[in-house]
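Hydrogens, waters and symmetry mates are skipped; everything else that's a heavy atom, side chains included, is used. Proteins come first, then strands; the chains are lettered A, B, ... in the order of their sequence lines, and each starts at number 1.
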Amino acid sequence: MPSQLVRDNLRTNKLPHIWCAGCSNGIAMRAISQAIENLGFDKKKVCIVSGIGCSSRTSGYMNYNTLHTTHGRAIAFATGVKLANPNLKVMVVTGDGDCSAIGGNHLIHAARRNIDITTIVFNNNIYGMTGGQFSPTTPMENYGTTAPYGNMEKPFDICNLAAAAGATYVARGTTYHVNPLVKLLEKAMIKKGFALVDVMSTCPTYYGRKNKKGTPAKMLKYFKDNTIDTKRVEKLSKEQLENKIIIGEFKNTDELEFTDKYLELIKGWEG
Amino acid sequence: MSAGKKLLITEDWCKGCGICVEFCPTNVLEIKNGIVTVVDIDKCIKCGLCELRCPDYAIYLEEIENES
Ligand SMILES: Cc1ncc(C[n+]2csc(CCOP(=O)(O)OP(=O)(O)O)c2C)c(N)n1
Ligand code: SF4
Ligand code: SF4
Ligand code: SF4
């Protein structure tokens, strides 16, 4: 029998999950459950929407309302769910590919609209499910099955992208810093508006193997040794920040939210 | 506080990734025959770091009542 947290939030009859040994998606999924538990949300009002990818399998395991959709379109489906049922706490769980490659347009426009959706990206810097192709967040010169000579492209910083597009809460955590991650997720979940948490996760099977990153534990320790909090960034030089992952809060503002504006508009229209 | 907690393992769910072994501060755990094994429970300080980072929910602390 698993822990109380797992029993109360996950579909235990679907476990153990499909993810590879040492894949940190499981750590991220546990952190989401912990945040939901801590906030005391009515679980009947939580809806998890995902696209396609290893990360997107999350919707199959979480024991709330769940919707497993098509690649890159989770945010579009979530927009429909939220507008049809504004009382739901709608969250998207997505991969770096799902969210910033094929789904990049949905991401920026949902952020621009500031619709009340919490988007949680499991960012493993690779397309895991399809065998290790490079994604928009693969660092330059890293290897993937489609980058046998090293990735030539400059990556997206999903946090800066979402913040610039108009998201009202943006943060980054890692699957090493689990307790701080839970706190960031909680803040994103209670934000009335478009919130995004970029969760650095590990894919030992493809990203790790292709880039000789070592054991699953070593990949997590990399986050411990190579992250800098947003609060410290200003004090450091460009050299000191090179190849570092910035974690913590990127943006936290309050603006009019789309669903509220829409409900105001249609007030009195029905019947 | 932590005296009322017990370390539990769901062997069927363990994939032997070694994360708990690496992060346990007191070397309580080892991988044997591909899955986690407790080698010295007396050293366990019930810190919960194994539970926090086990991606498969195969190791965890549970509160126990009326511990003698
Ligand atoms: C329309 C469409 N195009 C391509 C695919 C193939 N496909 C499935 S998952 C995936 C990428 C997965 O990468 P990511 O979103 O980063 O998730 P991960 O598996 O790494 O968690 C691709 C390209 C698909 N299923 N549907
Ligand atoms: S392929 Fe990578 S991302 Fe997918 S389950 Fe395996 S380790 Fe995780
Ligand atoms: S609770 Fe702490 S000390 Fe005990 S096995 Fe887990 S990590 Fe080790
Ligand atoms: S972290 Fe979990 S899955 Fe990995 S070896 Fe330990 S108990 Fe097994």
Taking side chain as everything from C-beta outward and backbone as N, CA, C, O, which of these in [X] sits under 4.5 Å from a heavy atom of chain B? Side chain, backbone, both or neither.
{"X": "A/S3", "result": "both"}
{"X": "A/L5", "result": "neither"}
{"X": "A/M29", "result": "both"}

- [ ] Apply side chain to side chain contact (heavy atoms under 4.5 Å, CB included) to the pair A/Q4 and B/E63, showing each step before the final yes or no.
- [x] CA-CA 10 Å; A/Q4 183 86 40; B/E63 298 282 346; over 6 Å; no
Task: Exam field: side chain B/R53 to backbone A/I27, donor-acceptor pair closer than 3.5 Å - done: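 Pair absent, no side-chain N/O of B/R53 close to backbone of A/I27.
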Open item on the list: Could you check whether any side-chain N or O of B/K15 sits under 3.5 Å from a backbone N or O of A/W19, counting only pairs where one atom can act as donor and the other as acceptor?
Closed with: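 At least one qualifying donor-acceptor pair exists.
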Open item on the list: Using 0.5 Å steps for rounding, measure from the CZ atom of A/R30 to the CG atom of B/L52.
Closed with: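 Answer rounded to 0.5 Å: 5.5 Å.
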Looking only at non-hydrogen atoms, find the nearest pair between [X] and [Y] and report the distance.
{"X": "A/T12", "Y": "B/W13", "result": "O-CZ2, 4.0 Å"}
{"X": "A/C23", "Y": "B/P55", "result": "O-CB, 3.2 Å"}
{"X": "B/C17", "Y": "A/A21", "result": "CB-C, 3.9 Å"}
{"X": "A/P16", "Y": "B/D12", "result": "CG-O, 4.3 Å"}

Count the heavy atoms belonging to other residues, nucleotides or ligands that lie under 6.0 Å from [atom1] of [X], then report whether that count exceeds 12.
{"X": "A/K244", "atom1": "NZ", "result": "yes"}
{"X": "A/F156", "atom1": "CZ", "result": "no"}
{"X": "A/Y143", "atom1": "OH", "result": "no"}
{"X": "A/N243", "atom1": "CG", "result": "no"}
{"X": "A/R11", "atom1": "CZ", "result": "yes"}
{"X": "B/I31", "atom1": "CD1", "result": "yes"}

TODO: Flag the pair A/K221 / B/F23 as yes when at least one side-chain heavy-atom distance between them is below 4.5 Å, and no otherwise.
DONE: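 Yes; the side chains approach each other to less than 4.5 Å.
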- [ ] Can you label the angle between the B/Y57 ring and the A/H17 ring as parallel, tilted or perpendicular, going by 30° and 60°?
- [x]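 Correct class here is perpendicular.
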Open item on the list: Is B/I19 close to chain A through its backbone or its side chain, or both, or neither, when contacts mean heavy atoms under 4.5 Å?
Closed with: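 When you check distances to chain A, atoms from both the backbone and side chain of B/I19 fall under 4.5 Å.
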Task: Winner by heavy-atom pair count (cut-off under 4.5 Å) against chain B, out of A/T175, A/L220, A/N25 - done: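 That would be A/L220.
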- [ ] Output yes when B/E22 and A/K218 qualify as a salt bridge under the 4.0 Å nitrogen-oxygen rule, no when they do not.
- [x]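 Answer for the salt bridge query: no.
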